[in-house]
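Remember, it's 1-based here, ligands and their atoms both numbered in the order they're listed.
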Amino acid sequence: MERSRVLLEAARIIRERSEELATMETINNGKSIFEARVDIEISWQTLEYYAGLAGSMAGQHVQLPGGSFGYTRREPLGVCVGIGAWNYPFQIACWKSGPALASGNAMVYKPSPFTPITVVLLAEIFREAGAPPGLFNVVQGGASTGEFLSKHPDVAKISFTGSVPTGSKIMEMASKGIKPVTLELGGKSPLIIFSDSDLENAVNGAMMANFLTQGQVCCNGTRVFVQSNILQKFTEEVVKKVKKIKIGDPLLEDTRMGPLINRPQLEKVFAFIKGAKEQGAKVLTGGEPYIPEDQKLKAGFYMTPCVLGDCKDDMTCVKEEIFGPVMSILPFDTEEEVLERANNSTYGLAAGVFTRDIQRAHRVVASLQAGMCFINNYNVSPVELPFGGYKKSGFGRENGQVTIEYYSQLKTVCVEMGKVESVF
Ligand SMILES: NC(=O)c1ccc[n+]([C@@H]2O[C@H](COP(=O)([O-])OP(=O)(O)OC[C@H]3O[C@@H](n4cnc5c(N)ncnc54)[C@H](O)[C@@H]3O)[C@@H](O)[C@H]2O)c1
């Protein structure tokens with residue numbers, strides 16, 4: 001209950017300061033203030049949710065023959081390290097610290113060096129909320145700091161959000177100390193639109209699946225499979241909507257797309273689009289540098305959101321994670337065919353299906369190789385639901401009750417009520 005009170009108070013402070021925190025997150029990352037507000041809301045909800053679970057953690061009591069019994073205790077792991085990506089800086093820190101602190105651990109958190117600011121505010125908020133000094137700590141730095149933390153003998157667990165290559169290195173380092181890891185890695189998720197779906201809803205779903213945070217979202221549904229008989233209509237509607245996305249100063253109320261995180265990321269995205277064209281894809285809209293009229297934004301890393309048509313499964317833009325505002329549209333004919341193609345990826349973070357046929361919806365998600373599946377929506381992540389990947393998208397989960405298991409260990413106590421029956 002004591003942990004719960006601290007988390008609830010931290011959630012209250014975040015709620016009270018949400019406008020200031022959202023503004024800082026926009027400055028930190030470049031996402032629109034509109035989206036940053038949602039991130040902050042999800043963040044305090046996460047702390048409230050785990051505050052609720054903190055007081056209910058308990059073990060089991062098991063009766064054994066002869067009056068003997070056993071019981072289990074759920075114990076903290078110790079010092080947990082959180083290493084975050086730059087796309088959801090404050091929210092990722094809350095997704096990790098909420099369950100870590102609720103379970104009785106301390107946390108050392110390293111944000112991405114591209115977004116160092118807001119997690120420091122979170123640390124201040126935890127202190128103000130009554131967390132003892134040293135319970136939640138922020139260490140700034142890049143790869144070498146992350147390696148130092150991952151190898152440190154006093155660290156009991158590492159929870160990492162980032163790319164597959166870094167995740168693999170962290171797992172290797174953790175293996176030396178036999179430390180558990182949670183890996184929330186990249187994705188190239190499929191979104192399947194059947195011709196019986198509500199078209200407007202499906203178009204909106206595809207927009208939500210591709211263009212939040214300038215397309216820099218791990219679970220984005222960037223391989224949009226559309227049943228052939230609605231391909232033309234769907235594509236026209238999507239392109240119309242994408243052209244209307246308001247790009248510009250992320251601090252303005254009506255902006256829906258700010259700049260990408262940095263120059264190398266922008267160039268990486270352009271290189272993917274160039275490669276896509278060379279491999280035969282057609283740019284249906286966007287994919288160009290965008291220079292806002294506002295003089296002070298001229299050097300910003302802006303681009304117009306892009307839709308690629310005439311895509312084939314073996315194109316690089318369809319196989320690899322772009323991590324920018326680029327949607328690839330792929331036609332399909334049958335359910336069987338699309339399932340095989342959707343699962344033909346080394347990733348397995350998320351997947352979505354739009355259909356009005358309820359049997360088909362559940363049949364399809366049952367066969368999709370992805371940790372987070374959406375039916376008739378995309379990219380909603382309520383804290384009550386576990387989130388995490390299959391295959392190279394990682395393992396372990398964030399959010400939901402199950403995450404407590406990833407931040408604690410189980411002790412079994414066996415109690416003898418009779419005499420020791422020695423065999424010697
Ligand atoms: N599954 C998820 O929940 C989720 C969420 C957001 C982002 N992502 C993924 O993250 C990637 C983009 O983020 P990024 O560019 O920040 O990823 P990244 O792997 O480059 O960096 C992530 C973090 O790891 C640190 N780091 C880098 N090298 C390290 C090393 N050798 N040892 C320890 N730490 C190291 C970085 O400083 C940063 O804090 C994308 O692939 C995206 O899909 C996944």
Donor on one side chain, acceptor on other, S228 and D333, under 3.5 Å: yes
query: Considering only heavy atoms, which protein residues lie less than 4.0 Å from any atom of ligand 1?
result: I83, G84, A85, W86, N87, K110, P111, S112, P113, G142, A143, G146, E147, F160, T161, G162, S163, T166, K169, I170, M173, E184, L185, G186, C218, E321, F323, L349, F387
Under 3.5 Å side-chain donor-acceptor pair for S195 and Q227: yes
query: Who are the ring-ring contact (aromatic ring centres under 6.0 Å, His included) partners of Y406, not counting sequence neighbours?
result: none
task: Could you check E398, K157, K96 and say which one makes a side chain to side chain donor-acceptor pair (under 3.5 Å) with T182?
output: K157
task: Using a strict 4.0 Å threshold on nitrogen-to-oxygen distance, state whether D313 and R223 make a salt bridge.
output: no
- prompt: Is it the case that N28 and T118 place a side-chain donor and acceptor less than 3.5 Å from each other?
  reply: yes
